[in-house]
Amino acid sequence: MRLSRYFLPVLKENPAEAQIVSHRYMLRAGMVKQQAAGIYSWLPLGLRVLRRIEEIVNQEQERAGHIPLLMPTLQPADLWRESGRYDDYGQEMLRIKDRQDREMLYGPTNEEMITDIFRAHVNSYKDLPLTLYHIQWKFRDEMRPRFGVMRGREFLMKDGYNFDVDRDAALHAYNRHMVSYLRTYERMGLTAIPMRAASGPIGGDNTHEFLVLAQTGESEVFYDDRVTALKLGQRDIDYDDRAQVADVCKEFTTLYARTDETHEAAVFDQVPEAHRKVGRGIEVGQIFYFGTKYSEAMGAEVVTKDGTKVPVEMGSHGIGVSRLLGAIIEASHDDKGIIWPEGVTPFPVGIVNLKQGDSATDAACEGLYKALAAKGLEALYDDRDERAGAKFATMDLIGLPWRITVGPRGLANGVVELTSRRTGESEEMSAEAAVAKVAEIYAGV
RNA sequence: CGGAGCGUAGCGCAGUCUGGUAGCGCACCUGCUUCGGGAGCAGGGGGUCGGAGGUUCGAAUCCUCUCGCUCCGACCA
């Protein structure tokens, strides 16, 4: 993408309403525009990151054997009357009437609707296990939306639902989700710690939240800091292997890690003092096992091997996709701007032409741009007629992890400069070597 | 939902107390100079002062109502 033809409305000054760093940078980098309290337009740069995050979520869900579908944002009230939640959900649910005066709602979650789909089409244990998920906009009419996309009223969420024949199978689904979530967050450059949680209006007694440590987090967290060193890495996981998946969950949930909702001081005190940490975290996902709560209420049953009918065992699992943008920025930025992890960056690399209009630098930049594209890497090429300082400031603000700087001084020696946004370190090399190095960096992402 | 505050140009703000017909910086447009970390000079365009009603010779400014947004608290992906 050539910046001169892109739509990237960056702001030099901090918008007054933005209190936390991710909100400030998202506005300043031209990623979002607020349209109402807790409701945002996604501008091109923000949309690119949102799509990247969705893509990673999709890939990891499908890798775990979960199946995508898409349910609507608007739902009929009657479905929610069956579970009893139409009345229970309260003011947070946005209720709407259509022209026939039918009661509708903008979905805050989809347990009822997925159960309706299930009961309409599945009758036998032979069709299980089954996990369906979608990534769809949700609306929760929060009392107090704040922190930009971190607590919006409209937000993009991945929500998945598992259907299993018995409790053991459902708990395996729970574990499978935990592992797939760990891998998802790691690919986004995040350390998200599973913490035992309270269940809230979804219901159920087995639930973990995934927390990203950050000063600006809304939850107080208590943890053994050795959990932050745990990494899934590239290990090979067979998601159908119950024992292997359970072992991974055990590895990641044995050390103490709780939110204030489930914190137990007496247990926490047994953590060695050197590792005992209290901090704050951003909740970026939650998984639940809730058994037959919805299937019983809504008559979602399957016939078992011995011919009896049983309500299907269920769980649900959510990742706050739009919230993740904020969480990643909170976890990865400096005083100049965002620092995107390679996994989610809107563009893999930026090209800065220090002397636009100079035939040598222009030609070198065009060559780089095309060579990168040939490797499947779409660079953001700053071809504006701006001074070097302005170009650097823009690149730093929008946070592309790698920058190739092309100027007449370097070209005279046959080199360009490859700079890491994270470390600030620069290395001079030929244009060919820079392309090769960037390609190598992204080969593993 | 309780408490506090703010709406004046695209963004950040001053002007409101003490009414006199709207200003600064950034951004934008033109020209010249400049050109490896958000340039300088000169010129220029842009605002029914959130909305409605009222008081007044006269309202951004005073009064009433209303809408929107932000922050602090209790709730949540």
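Reckoned from all heavy atoms, side chains included, excluding hydrogens, waters and symmetry mates. Below, chain A is the first sequence line, B the second, and so on; all start at residue 1.
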Contact state string [nucleotides 7-16 of chain B, B base, S sugar-phosphate only, - no protein heavy atom under 4.0 Å]: ----BSS---

Ignoring hydrogens and angles, answer whether the base of rG36(B) and the side-chain atoms of Glu417(A) contain a donor-acceptor pair closer than 3.5 Å. yes

Checking N1-N3 plus N6-O4 or O6-N4 for Watson-Crick, or N1-O2 and O6-N3 for wobble, each under 3.5 Å, the partner of rG5(B) is rC69(B)

How far apart are the C-alpha atoms of Tyr289(A) and Tyr174(A), what are their side-chain angles, what is the distance that settles it, and do they pass the ring pair (Phe, Tyr, Trp, His ring centres under 6.0 Å) test? CA-CA 6 Å; Tyr289(A) 161 71; Tyr174(A) 182 89; 7.3 Å; no

Taking only side-chain N and O atoms of Gln19(A), does any of them lie within less than 4.0 angstrom of OP1 or OP2 on rC71(B)? no

Establish, with yes or no, whether the OP1 or OP2 oxygen of rG68(B) is under 4.0 angstrom from a side-chain nitrogen or oxygen of Gln34(A). no

Measure from the side chain of Arg140(A), starting at C-beta and using heavy atoms only, and say which of rA77(B), rG36(B), rG38(B) lies closest. rA77(B)

Please work out which of the three classes, parallel, tilted or perpendicular, describes the rings of His317(A) and Tyr181(A), given edges at 30° and 60°. perpendicular

Go through rG38(B), rC75(B), rC72(B) for me and flag the one nearest to the Arg28(A) side chain. rG38(B)

Give me the ring orientation class for Phe222(A) and His263(A): parallel if the planes are under 30° apart, tilted from 30 to 60°, perpendicular past 60°. parallel

Classify the angle between the aromatic ring planes of Phe347(A) and Tyr6(A) as parallel (below 30°), tilted (30 to 60°) or perpendicular (above 60°). perpendicular

Which nucleotide wins on minimum distance to the side chain of Ala388(A), given the candidates rA77(B), rG36(B), rG38(B)? rG36(B)

Should Arg409(A) be listed as having a side-chain N or O under 4.0 Å from OP1 or OP2 of rG36(B)? no

Is the base of rU70(B) touched by the side chain of Arg146(A) through a donor-acceptor pair closer than 3.5 angstrom? no

Looking only at the side chain of Lys12(A) (C-beta and beyond, no hydrogens), which of the listed nucleotides rA39(B), rG38(B), rG73(B) gets closest? rG38(B)

Below 4.0 angstrom from OP1 or OP2 of rA77(B), is there any side-chain N or O of Lys138(A)? no

Counting side-chain heavy atoms from CB outward, which of rG38(B), rC75(B), rU70(B) is closest to Glu92(A)? rC75(B)

So is the aromatic ring of Phe392(A) stacked onto the base of rG36(B), judging by whether the centres are under 5.5 Å apart and the planes are under 30° apart? no

In whole angstrom, what separates Tyr89(A)'s OH from rA77(B)'s P? 7 Å

